[in-house]
Amino acid sequence: MKRYRIGYTAGVFDLLHEGHINILKRAKEQCEKLIVAVTTDELCLARKNHKPVIPFEERCAAIEDTGLPNIVVAQKDMDKLRACLENDVDAVFVGSDWKDTEYWNDLEKKLMLYSIPIVYLARTPNCSSTALRNLVLKYDICFYRDMGGYSILQSKSKDFYIDIPDSIGVYPVVEIESRSFAFSPAKRIRVGNNVSIIGDEAFFGCEDLERIQLPSSLRKIGKAAFWGCSNLRCLDFPPGMMELPEYLAQNCNALTKVTIPESVTRIHQKCFDYDSPCVREHNGVLYINNWVIGAKIDKNEAVYVVDGCVGIADAAFLANTSLASIKLPSSIRYVGAFSFDGSGIWNKTKEGDVVYADNWAVGIREADFSPKAIMLKRNTIGIGDLAFACNRDLSFVNGLENVQFIGRSAFKGCPRLSQGMSLGGNK
């Protein structure tokens, strides 16, 4: 049996840190039921002349998520005696740094009249909400309970080197929201090691940015995240990323090196500028790493994609009427949406027939009807993204047994197809 039946502790608990957690743990070890009173924003403003960084509701949620309190209540005033009597409290817990202060000496005398002791718990060294508050003065942040961490809403920093923290207190920094660092004067930025999401236009217009270090935790980047970073020289995307969005690195005129991990399965259209230094041209085809992103073909040509290439970006050959034919290597795994729509090979296909880019089915030539059946060629290796999407009358596809790769949403919006068919992602 524990020493006390009902324990009580109170605090602002702003930017929850290890010191807060240790106080709660040590209190819970000594009582059967722990009540934690969280100071309201209004009380904090009245007593300290500033509101907490984290709003009241979010601070309560963070305390609840520790699993240590039995009850979380609002501390609306400093009348702890009344709070203890109303909740039938047996002991009050507080950090040892408050011992022998005027307020707590006075409260101790009042509580002793009701046989309620104050238990002073050892303070965790090098843990301070004030220190953390000084750290986050450079940012507007928000705590997202469902994500289990903080998001940076807006950077206020004017520094030339920005080190985005891995965590703030006990919770990680997990997201950088849209336009949060737009037009920053920084030359170098390190993104914290727990960030998994970077929002749209997050670093838009950072003309002085030369280098950015992306973490291994990163899984999603929003569109135009680096638009206009005209001095950015290198982008190393970490393994685990699946897509590179549209307009990602447009107007990045100094970009000489891009690393695309094997995990990437889609590159959206206009992700990179065709004349960027990181783009190489071979026989009219434009490449970044082992991906085709576009072409510069000005006459009726047969195109050969180089061996080792794994994917073709969305709309890579869109409306390229000079594309007479194309040869794809066996290394190709991904063919993006609208890659060949309106191209020479598309236009020469009979209306209503399947359009082929070498041995990949990439769509159906426009017709006035939705086909009920599709007959794939025997040597069909793959089906491109969105290739047969929105054919509402399509109920049968012949030749799928030989297909090795089926692109994302290849049959999306085809409700008549058998529910048992395997149609999503690469086979």
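The figures here come from the full heavy-atom set of this structure, side chains too, leaving out hydrogens, waters and symmetry mates.
- Evaluation of the salt bridge (Lys or Arg N to Asp or Glu O under 4.0 Å) test over residues 180-201, restricted to residues two or more places apart or in two chains, returns Asp163-Arg190, Asp166-Arg190, Arg179-Glu201.
- Remark: Thr349 engages no residue in a side chain to side chain donor-acceptor pair (under 3.5 Å) (not counting sequence neighbours).
- Every residue two or more places apart in sequence or in another chain that forms a side chain to side chain contact (heavy atoms under 4.5 Å, CB included) with Ser217 is listed here: Pro215.
- Taking the charged nitrogens against the carboxylate oxygens, Lys220 and Glu243 have no contact shorter than 4.0 Å, which rules out a salt bridge.
- Residues passing the salt bridge (Lys or Arg N to Asp or Glu O under 4.0 Å) test with Arg280: none are found, sequence neighbours excluded.
- Pairs passing the side chain to side chain donor-acceptor pair (under 3.5 Å) check and including a residue from residues 374-384, sequence neighbours excluded, read Tyr356-Thr380.
- Within the structure, no pair that satisfies the ring-ring contact (aromatic ring centres under 6.0 Å, His included) test touches residues 254-276, not counting sequence neighbours.
- Proximity of the aromatic rings of Phe143 and Tyr171 is defined here by a centroid distance below 6.0 angstrom, and this criterion is met.
- Checked against side chain to side chain contact (heavy atoms under 4.5 Å, CB included), Asp97 has the following partners two or more places apart in sequence or in another chain: Arg123.
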Give every donor-acceptor pair under 3.5 Å between a side-chain atom in residues 305-320 and any protein atom, sequence neighbours left out.
residue, atom, partner, partner atom, Å
Asp314, OD1, Ala337, N, 3.0
Asp314, OD2, Arg266, NE, 2.8
Asp314, OD2, Arg266, NH2, 2.7
Asn320, OD1, Ser322, N, 3.3

Please tabulate, for the side chains in residues 227-240, all donor-acceptor contacts under 3.5 angstrom to protein atoms that are two or more places apart in sequence or on a different chain.
residue, atom, partner, partner atom, Å
Asn231, ND2, Glu207, O, 2.7
Asp236, OD1, Lys257, NZ, 2.8
Asp236, OD1, Thr259, OG1, 2.7

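- Pairs of residues two or more places apart, or lying in two chains, that qualify as side chain to side chain donor-acceptor pair (under 3.5 Å) and include a residue from residues 40-51 are Asp41-Arg59.
- Remark: Arg26 CZ to Ile21 CD1 distance equals 11.5 Å, nearest 0.5 Å.
- Residues satisfying the side chain to side chain donor-acceptor pair (under 3.5 Å) criterion with Tyr120, sequence neighbours excluded, are Glu108.
- In terms of the side chain to side chain contact (heavy atoms under 4.5 Å, CB included) criterion, Asn283 has no residue partners (sequence neighbours excluded).
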